[in-house]
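Below is one structure, written out as structure tokens; comments come after it.
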Amino acid sequence: MLGTRMELPCWGFLLMSCLQSLSAHNDFFTSIGQMTDLLYTEKDLVTSLKDYIRAEENKLEQVKRWADKLDLLTATATKDPEGFLGHPVNAFKLMKRLNTEWSDLESLVLRDTTDGFISNLTIQRQYFPTDEDQTGAAKALLRLQDTYRLDTNTISIGDLPGVKHKSLMTVEDCYELGKIAYTDVDYYHTELWMVQALKQLDEGEESPIDKVTVLDYLSYAIYQQGEIERALEFTKRLLELEPEHQRAKGNLKYFEFQLEKQKKTEEQESQKEAQREKRETPEKKEKTKSQKTFSLIPERKKYEMLCRGEGIKMTPRRQSRLFCRYFDNNRSPHYVLAPVKQQDEWDRPYIVRYLDIISDAEMEKVKQLAKPRLRRATVHDPQTGKLTTAQYRVSKSAWLTGYDDPMIDTINQRIEDLTGLEMDTAEELQVANYGVGGQYEPHFDFGRKDEPDAFKELGTGNRIATWLFYMSDVSAGGATVFPDVGAAVWPMKGTAVFWYNLFPSGEGDYSTRHAACPVLVGNKWVSNKWIHERGQEWRRPCGLSEAD
Ligand code: OGA
Ligand code: FE2
């Protein structure tokens, strides 16, 4: 087994290459596996908080008893002070109380019962999520909202497909999300979430956030998107609530001025447009419309459509040529005795799925081995020379070998038996966990001609093929999609898909460009094996032409 692992440079046009490395902070929001630990930490903290409350109540109880006793005593004593002190025991007790007992009481009141709780909290807080995590989780929500076309209210009332635990968002939550979008100069989402916050306030929800604050953000976000008329409406609403709001007063005048100016330019434009319309032929207009066919839709849109289960490009004729079968690859007796279920997923590029190919016990073991090592993949930006995380790859991964557990060797052997390919030159088994919003945007697994050094240090050639185990079912989202050809492969626990990235000639197959859709609800575990060219010379000989 070679100790090889490599992240493929992607987004080459941005001069960024992905490098796997340990990031200093362990972004929680990217992996549910590690977030579950946080739930237990929080549970422990609640227990320690309850201990603190009990200790504090106990202390107050003692202080109360002392006060009641003294209350009674002083009341009797002050009725007849001289008579009271005429009793020598009372005189002695007064000395004792004032000299020692009151100082004991002082110590009791000052005794620190917070100690255990505070030190516990301080220790735990070192491992708490940071601002980065909070923003990351918020941005993931915004990304999901776009990809799956969810409206703000649906998210706020927690009505997502396949959810087990509904969760409501408060005005404050909506406002926070809007503010994160605002800080990110994303006025589109700022508007959506401030409108939602306002709606919930209008419906009478109690909140520390007031309408004026929300309206202030809202009118600004709308103005930034060029809708001066609506920005003006909201500014007026703000001024009804707070007539002396300085910024709103200034904005009102400014928006009115801008609106006037805009109306004038619009009038001029529409006159020009009317003249242009007269000159343009009907055929030309028709052409502009029909250009919007699937192949012309930008990749981003295709990716999002496929993620939503739309735009899959498989004709019934082609579909009828996809089969399923029992498969033994004519290899080890084991598979001859117990062949595996193999199913065609797609024709071009050829993608095949193996069913029941990894057992529950194996998947559990792989996850347990990977969990403590899961790290957010960072990317290397050669311009700054710094390692950083990227929105286009949000997941955590770890690498496993036979040294970690002999079971990994068994799994690798299975891939070798079924693909007939040499595993000694392959990269280690990579395990990836995608949390909610986790995704991997369109990329190639192989190194292209303009990046000849991609796998140079491995010395095993390019990535000839990809094997991908699905180790969980995903409640919603999380498909593997191929935007160029319109294919979508859905995660199914215990199955694996396999495809060649290179033609037998060694040329890259550009139709294998693929992506992992964001997880909408649930937790996605995959494990993949990137198989390399060296050692396959006799196992997969090259053809006579480039695309062969
Ligand atoms: C990858 C990849 C797809 C998926 O890790 O290279 O494309 O569905 N993964 O996780
Ligand atoms: Fe990939």
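All values below were derived from every heavy atom in this structure, side-chain atoms included, with hydrogens, water molecules and symmetry-related copies excluded. Atoms within each ligand, like the ligands themselves, are counted from 1 in listed order. In this chain, numbering begins with 1 at the start of the sequence shown.
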Practice task
Using side-chain hydrogen bond (donor to acceptor under 3.5 Å, both in side chains) as the criterion, point out the one residue from R540, R539, Q536 that pairs with E422.
Solution key: R539

Fill in the blank from the handout: min-distance N/O/S atom, H443 vs the Fe ion (ligand 2), resolves to NE2

Practice task
Any atoms of ligand 1 less than 4.0 Å from a non-hydrogen atom of Y434? List them with their elements.
Solution key: 4 (C), 9 (N), 10 (O)

Completion exercise
Between the CG atom in L218 and the OH atom in Y175, the distance rounded to the nearest 0.5 Å is 12.0 Å

Completion exercise
In H514, the N/O/S atom nearest the Fe ion (ligand 2) carries the name NE2

Practice task
Could you see which bit of W530 sits under 4.0 Å from ligand 1, with heavy atoms only: side chain, backbone, both or neither?
Solution key: side chain

Handout entry: Per-atom contacts of ligand 1 with A516, taking only distances under 4.0 Å to non-hydrogen atoms
Key = 3 (C), 4 (C), 8 (O), 10 (O)

Practice task
Could you check which N/O/S atom of D445 is closest to the Fe ion (ligand 2)?
Solution key: OD1

Problem - Lys NZ or Arg CZ of R513 over F444 ring: under 6.0 Å, within 45° - result: yes

Handout entry: Residues forming a side chain to side chain donor-acceptor pair (under 3.5 Å) with Q124, sequence neighbours excluded
Key = none

Fill in the blank from the handout: Within the 4.0 Å heavy-atom cut-off, what K524 brings close to ligand 1 is side chain

Problem - A181 backbone acceptor or donor facing D184 side chain under 3.5 Å - result: no

Fill in the blank from the handout: Contact region, T466 to ligand 1, non-hydrogen atoms below 4.0 Å, reads neither

Exercise for the section: Using the ring of Y440 (Phe, Tyr or Trp, six-membered ring only), decide whether R393 places NZ or CZ under 6.0 Å from its centre and within 45 degrees of its axis. Expected result: yes

Handout entry: Test item: Q145 and L192 side chains (from C-beta on) under 4.5 Å apart, heavy atoms
Key = yes

Practice task
Output yes when the distance from some N or O of ligand 1 to some N or O of Q430 is under 3.5 Å, and no in every other case.
Solution key: no

Handout entry: Proximal atoms of ligand 1 relative to T480 (non-hydrogen, under 4.0 Å)
Key = 3 (C), 4 (C), 8 (O)

Exercise for the section: For a salt bridge (charged side-chain N to carboxylate O under 4.0 Å, His left out) with D347, tell me which candidate from R321, K313, R318 qualifies. Expected result: R318

Problem - Within-cut-off N or O pair, Y470 and ligand 1, under 3.5 Å - result: no

